[in-house]
Every structure is written in structure tokens, then in C-alpha cells.
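Have a look at the structure below, then the notes.
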Amino acid sequence: MTFDEFGFEYEIMDGLDAMNFREATPIQEKAIPVIMDGHDLIACAQTGTGKTAAFILPLMNRLLLSGNEQNKVKAVIITPTRELAQQIDLQFEGFSYFAPISTVAVSGGGDGASWEQQKRGLTLGADVIIATPGRLISHLKISNIDFSGVEYLILDEADRMLDMGFYDDIMDICSYMPKERQTLLFSATMPPKIRQLAKNILHNPVEVSVAISKPNESIAQSA
């Protein structure tokens, strides 16, 4: 399936053309229509299958269609590590090169200047926040952050976040957001604790799964 079959706005198609993206991967082909239709989603896919673009592209499309006249945070992406947050932020920059969508990465490991930069993005209403749970909780407790306009919550590598002990932080972050929102959960595995998390924060989710029993073929492994 090619990307021009999804019905994306022209700003997204211009970004895809510039990055030479033509064919959708299986997880993108299954997840993108579900997200664009506004359903909650549980997606199970290994790293390397293209799952980041599977949620970035339809999220961008929905943000372009709805706009952000009140300058509020519209989408929050939670991810387990600083490195992954930065990686998602870079992919967002590439895909949204021709689109008026603002993002800010919120993670630990920086100095006071990075804290203030993150705080400005959160308080001034960047369209998309890409955050690690611990640092986002710190900002929510200390800074005057308005999440009342959040319409989309995405949990990436959810199983890894639960392994790292972030369940309570995730539930705490959700308490700052409207209950009426679209929630997407991406995970490489689907243990019972993920099912419990999904039951608590998702509403009638659609489930899709791709390549969950073996590593992605493009990844070479050796010992």
C-alpha cells in the first residue's frame, strides 16, 4: 500500500516525498486507518517495523485538520527513555517539515537551560509533547501546565515502561488529561500488565499486531 492511498493532507505528502517514503509497512497499513478514524488502538509490533511513523503520520493529519487556535497542548507521546523521545522528535521534524506543527521533547539529563526550554514548550502550548514519564511528572507538579486541551495520548514501548516501574506515573499523567481523548498504545509484547493498563485508559480499542513472534527481518543478530 502506498502512502498516497491514506488520504493525507498535502503538507504530509510533501514531507513524505521529500524523505522518499513511498510504501507503507504492515504495521502502518493496519494502524493508520484506525487512528485516522478516531479509534483507540492497541498495536503490537517489534522495534524496526515502522511503528513510529504509524502514529506520527495520522496524528499529524488530525492536527492539521483540527488546528490549534487556543494554543494548547493537543497531543502527548510518552516513551521510556530520553534517547527514544529525541528520536521521535527528530522523526516528527522530518515528517512535519512542510506542516505548521510544533513539538517539544521533555526528558531528563539536561541542565537548567533545557528545563526552562521544556517548560516554555509545555506552558506556551506546543502542539505535541514527547516526554519520558519521570520528567513530565516533575513539570506537572512544579509548573503551571494546562493539559485540558489534550486530545491524543500515545504510549510508545508501553511494555518497557511498565518493566521500568512507570505504571503509577502513567496513571498520574492521565489524571491531568480529559477522559474524552484518543489513546494509542504501542508495545512489542502483550503481557497481562499491558492488558490491565489498556483496560484502565483505553476505550473500546481496536487491536492490531505485526511480527510479534520474531525479530524484524532487517535486524541482524549475533552472539
Residue pair Asp169, Ile78: steps toward the side chain to side chain contact (heavy atoms under 4.5 Å, CB included) verdict: CA-CA 11 Å; Asp169 285 346; Ile78 305 177; over 6 Å; no
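- Legend: residues meeting ring pair (Phe, Tyr, Trp, His ring centres under 6.0 Å) with Phe21, ordered by chain and number and at least two apart, are Phe95.
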Would you be so kind as to tabulate the donor-acceptor pairs closer than 3.5 Å made by side chains of residues 52-62, with sequence neighbours excluded?
unit_1: Asn61; atom_1: OD1; unit_2: Glu9; atom_2: N; d: 2.7
unit_1: Arg62; atom_1: NH1; unit_2: Gln182; atom_2: OE1; d: 2.7

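- Val206 places none of its side-chain heavy atoms less than 4.5 Å from the side chain of Asp37.
- Every pair passing salt bridge (charged side-chain N to carboxylate O under 4.0 Å, His left out) that includes a residue from residues 116-142 is listed here, sequence neighbours excluded: Lys141-Asp172.
- Clustering of Ile, Leu, Val, Met, Phe, Trp and Tyr side chains at separations under 4.5 Å places Phe98 together with Tyr97.
- Between the side chain of Gln118 and the backbone N or O of Ser107 there is at least one donor-acceptor pair closer than 3.5 Å.
- Without hydrogens or angle criteria, Gln28 side chain to Gly50 main chain gives a donor-acceptor distance under 3.5 Å.
- Formation of a donor-acceptor pair under 3.5 Å by the Lys51 side chain with backbone atoms of Ser187 is not found in this model.
- Listed by chain and number, the residues in a side chain to side chain donor-acceptor pair (under 3.5 Å) with Ser114 amount to none (sequence neighbours excluded).
- Classification of Glu207 and Arg195 as a salt-bridged pair holds, one side-chain N sitting under 4.0 Å from a carboxylate O.
- Residues Thr2 and Glu5 bring a donor and an acceptor atom of their side chains to less than 3.5 Å of each other.
- By the neighbour-count criterion of 12 heavy atoms within 6.0 Å, atom CD of Glu93 is densely surrounded, having more than that number from other residues, nucleotides or ligands.
- For Phe8, the ring pair (Phe, Tyr, Trp, His ring centres under 6.0 Å) partners are Phe6, not counting sequence neighbours.
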